[in-house]
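One structure below.
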Amino acid sequence: IHDTAIIHPSAIIENGATIGAYCEIGPYSVIGHNVVLKQKVIIKSHVVISGHTIIDDETIVFPFASIGEIPQDLKFAGEKTDLIIGKRNTIRENVTMNPGTKGGGGVTKVGDDCLLMTGAHVGHDADIGNKVVVANQSAIAGHCKIHDDVIIGGLCGIHQFVRIGKGAIVGGLTMVTHDVIPYGMVTGERGSLRGLNVIGLKRKGLEKTKIIEINTKFKRLFNSAGTLKENARVVKDKGSEINEINEILNFILTDSDRSFLTLDNSN
């Protein structure tokens, strides 16, 4: 325990835990013996952090969060697995995060600068990128891959093994059962791909001409006669200097355990 750490007398710090410089641990919180808190981590009251969990600099965890408890997987047999949480994350009340499992690679990861709102869940072996927002009461199941800059609305469910590409947005009350391409926009009780996340692209500062070209390629991918992968290969062979188009193509051409959400043209 670093001598600059501020620990409330009612908090329990088990032998073996590592508490970095300028950390703060609030009343009645419990820090397990294999936990590592790096510098300036703030743990509010009534938080439980257990397992082989590492939390990086300046992350803040709000009351009643449970971080690092064993995976919700009946195949888990007590093996050593890890939960690694990056820098400057905001983990709000009642959030739950589980470490990995032997069958899934053994590590659950959360990147930097993420916001997990009240009651959000990150399941075992999930891989969460940077600047991801998960709104209230949404659940990310095991083995999911959520890329950078994704926004997941409230009360959503992300099916196990699903990938959500960079910059995609999922509307509230949506169940996502298949992969979502980068910069896609998904809504509906059983999520459908409704189009591009144009607002997200504008927020990135992309020029209007680039957004139009991305949208043209996007429609070609989903409306041409071939399969999505076949269409992606055709578009990729023609080449593009726009990074976002190449990100979409590479995502489609990467192997996955799930199929893709296809474009809903009904609107």
Side-chain angles (χ1 to χ4, degrees), residues 56-60 85-92 109-117 120 122 126-136 138 140 144-154 156 158 162-172 174 176 179-188 191-224 228 231-254 256 260-265 267:
D56 214 332
D57 300 350
E58 299 182 56
T59 288
I60 181 169
I85 299 170
K87 298 177 180 178
R88 298 177 302 276
N89 292 291
T90 300
I91 300 170
R92 293 303 305 252
K109 295 180 182 178
V110 177
D112 301 333
D113 302 300
C114 297
L115 169 59
L116 289 100
M117 298 186 195
V122 177
D127 187 353
I128 313 297
N130 302 317
K131 298 182 180 179
V132 171
V133 176
V134 183
N136 299 45
S138 288
I140 297 170
C144 290
K145 169 68 175 177
I146 314 297
H147 289 250
D148 296 349
D149 303 315
V150 167
I151 298 175
I152 298 173
C156 291
I158 312 301
V162 158
R163 298 180 301 146
I164 300 182
K166 182 179 180 180
I169 185 167
V170 179
T174 298
V176 181
D179 288 355
V180 179
I181 67 164
Y183 310 105
M185 178 176 62
V186 178
T187 63
S192 295
L193 185 63
R194 306 293 181 173
L196 277 181
N197 180 15
V198 174
I199 292 175
L201 292 171
K202 288 179 178 178
R203 287 175 178 170
K204 284 190 69 177
L206 262 67
E207 301 168 5
K208 184 177 180 180
T209 54
K210 288 188 176 181
I211 294 175
I212 291 172
E213 184 172 348
I214 294 167
N215 197 38
T216 299
K217 293 290 198 301
F218 172 84
K219 290 180 178 178
R220 188 172 299 165
L221 286 168
F222 286 97
N223 294 330
S224 297
L228 186 59
N231 295 340
R233 291 189 188 100
V234 170
V235 174
K236 189 175 180 66
D237 287 343
K238 293 179 179 180
S240 175
E241 295 181 357
I242 298 178
N243 289 334
E244 288 74 16
I245 291 175
N246 291 318
E247 287 170 348
I248 292 171
L249 297 174
N250 291 334
F251 185 90
I252 292 170
L253 294 171
T254 299
S256 176
F260 291 89
L261 287 182
T262 54
L263 184 61
D264 184 347
N265 288 309
N267 294 332

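The first residue of the sequence shown is numbered 1, and numbering continues consecutively from there.
The side-chain hydrogen bond (donor to acceptor under 3.5 Å, both in side chains) test applied to Arg220 returns no partner, not counting sequence neighbours. Judged as a salt bridge (charged side-chain N to carboxylate O under 4.0 Å, His left out), and not counting sequence neighbours, Asp148 has no contacts. Under the rule for a salt bridge (charged side-chain N to carboxylate O under 4.0 Å, His left out), the partners of Lys217 that lie at least two apart in sequence or sit in another chain are Glu213. Residues satisfying the salt bridge (charged side-chain N to carboxylate O under 4.0 Å, His left out) test with Lys204, not counting sequence neighbours, are Glu244. For Asn246, the side-chain hydrogen bond (donor to acceptor under 3.5 Å, both in side chains) criterion is met by no residue, not counting sequence neighbours.
In this structure, Asp149 contributes its side chain and Gly167 its backbone to no donor-acceptor pair below 3.5 Å.
Contact of the Asn89 side chain with the Asp56 side chain is not registered, since no non-hydrogen atoms from C-beta on lie closer than 4.5 Å. The side-chain heavy atoms of Phe251 and Tyr183, taken from C-beta on, include no pair separated by under 4.5 Å. Two residues are said to be in side-chain contact when any heavy atoms from C-beta on lie closer than 4.5 Å; Leu193 and Thr262 fail this criterion. At least one side-chain heavy atom of Phe222 sits less than 4.5 Å from a side-chain heavy atom of Ile181. Side-chain contact between Glu58 and Arg88 is present, with at least one heavy-atom pair separated by less than 4.5 Å. Ile214 has its side chain within reach of Leu206: a pair of non-hydrogen atoms, C-beta onward, lies under 4.5 Å apart. In this structure, Ile91 and Thr59 have side chains that are in contact, with non-hydrogen atoms separated by less than 4.5 Å.
Annotation: the span from Leu261 atom CG to Leu228 atom CG amounts to 10.5 Å, rounded to 0.5 Å.
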Trace of the side-chain contact (heavy atoms from CB on, under 4.5 Å) decision for Arg194 with Met185
CA-CA 6 Å; Arg194 306 293 181 173; Met185 178 176 62; 3.9 Å; yes
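Between the side chains of Asn231 and Ser224, no donor N or O sits under 3.5 Å from an acceptor N or O.
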Under 3.5 Å, sequence neighbours excluded: what are the donor-acceptor pairs made by side chains of residues 126-134?
residue : atom : partner : partner atom : Å
Asp127  : OD2  : Lys145  : NZ           : 3.2
Asn130  : OD1  : Asp112  : N            : 2.8

